[in-house]
Amino acid sequence: MTILGIETSCDETSAAIVSKSPKDTKVKVISNIVASSLALHAKTGGIVPERAAREQVKLIIPVIKKALEDSNLYLPSSKNHLLSSTIYRPNIDAIAVTVGPGLIGSLLVGIETAKVLAYAWKKPIIPVNHLVGHIYANFVGKTQKLTTDIQFPALSLIVSGGHTDLVLIKNHGNTKLLGGTRDDAAGEAFDKIGRLLGLPYPGGPAIEKASERGDASRFTFPRPMIYSKDFDFSFSGLKSAVSRHVILNKVKNPGDPSALPQDDIDRSNLCASVQQAIIDVLVSKTLNAAQKYKAKSILLGGGVAANQSLREKLKVKCQMLNVEFFAPPKNLCTDNGAMIASAAFFNYQEVPWRNLTANPELYFLV
Ligand code: KG4
Ligand code: ZN
């Protein structure tokens with residue numbers, strides 16, 4: 001079976017062709033095209049939803065076409081017309097598309113395109129929760145290995161720009177939200193603190209890079225809610241603490257390229273200390289939840305899952321607890337169509353194209 005996955009919930013425009021044979025327990029990515037409008041958002045220091053959606057309107061058809069071409073599903077006879085159903089209908093079985101959570105304008109670009117293609121090509125549509133997509137990036141196999149060692153119950157930590165969630169997965173299609181952030185998400189904290197320190201958007205990768213030269217024990221920042229018994233998170237206090245530190249210590253123009261070397265050392269130390277504070281909270285809460293719910297596997301997901309220190313620390317702690325640790329390859333941590341198609345294989349629920357709607361507030365069942 002082959003599925004076209006479409007993802008446009010935030011600033012990326014992505015399409016992927018993914019296949020799975022009945023005997024395999026992982027999916028195979030045939031093509032995965034991601035067009036990012038990051039450069040555009042770097043100028044404004046964050047995403048302007050209207051601009052993101054306009055960019056996606058321009059990108060969506062070329063991106064889908066490229067995904068089909070790269071998988072050899074695009075026929076030369078189709079004369080560049082994705083929609084001429086009489087002469088071109090790709091050899092796929094279904095279309096999976098992100099229906100939420102996300103930015104309404106961005107979601108609609110993917111959803112309306114999926115509807116039109118489903119109608120023209122006479123293919124079923126499978127709506128996918130973006131957060132479930134992040135979990136299922138862990139079910140993408142390496143070329144030669146399409147069976148998985150992921151055992152249930154599994155616990156997933158989803159850390160992205162909009163979410164920090166701990167989700168218990170009893171089986172495919174059977175998930176329960178254990179906790180989430182009460183204010184800023186982990187990625188949002190990275191992005192906002194990055195901006196405070198004058199780093200380029202997105203802050204996560206920039207803070208990770210600057211941290212490499214820094215001393216994480218140089219500054220002690222709060223680890224919000226680390227000892228609370230629940231599985232909720234809160235990161236806005238950490239952002240305020242860094243802001244206070246910057247003001248009190250007169251770290252002037254922290255991102256000024258003409259700053260003295262001393263300023264740069266301080267910034268690296270600040271970044272390393274902030275990164276450590278965020279990771280400490282994420283790891284501690286995840287392990288507590290894994291123990292309480294006797295998880296056999298831990299599945300990391302979301303853009304922040306690309307952070308090497310987070311991956312390493314969780315892996316080491318999981319080994320100590322005898323729990324299997326999984327994290328997607330880094331290119332599948334941030335938003336992409338392959339994870340959406342992967343989620344569709346394991347949560348296959350067709351809907352008539354007429355019934356497909358965007359749900360920007362979509363979440364997990366508690
Ligand atoms: O999952 P994603 O691509 O989009 C959302 O669904 O939000 O996540 C984007 C987030 C951003 O906040 C970005 O700063 C963060 O992921 N991020 C990272 C890293 N790479 C991306 N955070 C920390 N370290 C990274 N290496
Ligand atoms: Zn995401």
Side-chain angles (χ1 to χ4, degrees), residues 5-14 32 34-38 41-42 45-47 49 52 56 98-103 106-107 110 128-138 156-165 167 180-181 184-197 199-212 214 216 233 235 238-239 271-272 274-283 299-314 327-340 342-343 360-364:
I6 299 176
E7 155 61 38
T8 62
S9 66
C10 193
D11 57 331
E12 264 92 14
T13 310
S14 180
N32 185 33
V34 183
S36 171
S37 50
L38 261 188
H41 306 306
I47 297 166
Q56 287 165 318
T98 304
V99 290
L103 305 170
S106 296
L107 287 168
V128 175
N129 178 333
H130 178 79
L131 301 169
V132 174
H134 276 307
I135 296 174
Y136 278 88
N138 285 290
S156 184
L157 171 67
I158 305 166
V159 266
S160 70
H163 284 264
T164 308
D165 294 319
V167 182
T181 185
D184 291 354
E188 194 177 352
F190 271 115
D191 294 339
K192 287 179 175 170
I193 293 170
R195 186 156 50 184
L196 258 170
L197 300 179
L199 294 168
Y201 177 84
I207 289 182
E208 175 171 37
K209 188 154 192 300
S211 298
E212 284 165 12
F233 300 86
F235 289 107
L238 174 62
K239 174 191 64 195
C271 286
V274 164
Q275 177 174 274
Q276 195 58 55
I278 295 175
I279 291 176
D280 282 352
V281 177
L282 295 175
V283 171
L299 317 182
L300 190 58
V304 181
N307 186 285
Q308 189 59 27
S309 308
L310 172 62
R311 294 163 81 98
E312 280 168 13
K313 191 147 185 207
L314 256 181
K330 289 189 183 177
N331 68 320
L332 296 182
C333 289
T334 42
D335 296 348
N336 64 87
M339 70 184 197
I340 301 304
S342 174
E361 308 294 333
L362 188 63
Y363 204 19
F364 290 102

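As the structure lists them, so they are numbered: ligands from 1, and atoms in each ligand from 1.
Of the protein's non-hydrogen atoms, D335 OD1, 3.3 Å is the one closest to atom 2 (P) of ligand 1. For atom 23 (C) of ligand 1, the closest non-hydrogen atom of the protein is G204 CA, 3.5 Å. Among all non-hydrogen protein atoms, the one lying nearest atom 10 (C) of ligand 1 is G161 N, 3.5 Å. The closest protein non-hydrogen atom to atom 15 (C) of ligand 1 is V304 CG2, 3.9 Å. Closest protein heavy atom to atom 24 (N) of ligand 1: N307 ND2, 3.1 Å. Taking atom 12 (O) of ligand 1 as the reference point, the nearest protein heavy-atom neighbour is D191 OD2, 2.7 Å. E208 OE1, 2.7 Å is the protein heavy atom nearest to atom 26 (N) of ligand 1. What sits closest to atom 8 (O) of ligand 1 on the protein, heavy atoms only, is G303 CA, 3.3 Å.
Taking a cut-off of under 4.0 Å to the non-hydrogen atoms of G162, the atoms of ligand 1 that pass are 7 (O). Near G187, meaning under 4.0 Å from one of its heavy atoms, ligand 1 places the atoms 12 (O). The contact set between ligand 1 and H130, taken as ligand atoms under 4.0 Å from a residue heavy atom, comprises 6 (O). For ligand 1, the atoms closer than 4.0 angstrom to any heavy atom of H134 are 1 (O), 6 (O). Within ligand 1, counting atoms from 1 as listed, the ones closer than 4.0 Å to a heavy atom of T334 are 3 (O).
Considering only heavy atoms from C-beta on, L107 comes within 4.5 Å of T98 through its side chain. Counting heavy atoms from C-beta on, the side chains of V128 and Y136 never come closer than 4.5 Å. In this structure, L310 and V159 have side chains that are in contact, with non-hydrogen atoms separated by less than 4.5 Å. With a 4.5 Å cut-off on side-chain heavy atoms, M339 and V132 do not count as touching. A 4.5 Å side-chain heavy-atom check between R195 and K239 finds every atom pair outside the cut-off.
Metal site remark for the Zn ion (ligand 2): H134 contributes an N, O or S atom at a distance under 2.8 Å.
D335 contributes OD1 as its N, O or S atom closest to the Zn ion (ligand 2). Between the Zn ion (ligand 2) and the N, O or S atoms of H130, the shortest distance is to NE2.
With S156 contributing its side chain and V167 its backbone, the two residues share no donor-acceptor pair below 3.5 Å. No side-chain donor-acceptor contact under 3.5 Å links E208 to the backbone of C271. Counting only distance, with no hydrogens or angles, the side chain of N138 and the backbone of I135 share a donor-acceptor pair below 3.5 Å.
A donor-acceptor contact under 3.5 angstrom links the side chains of Q275 and S309, judged on distance only.
Note on ligand 1: A306 sits in its first shell, one or more heavy atoms being nearer than 4.0 Å.
In this pair, F235 and F233 present their aromatic rings parallel. The plane angle is below 30°, not in the 30 to 60° band.
By the neighbour-count criterion of 12 heavy atoms within 6.0 Å, atom NZ of K209 is sparsely surrounded, having that number or fewer from other residues, nucleotides or ligands.
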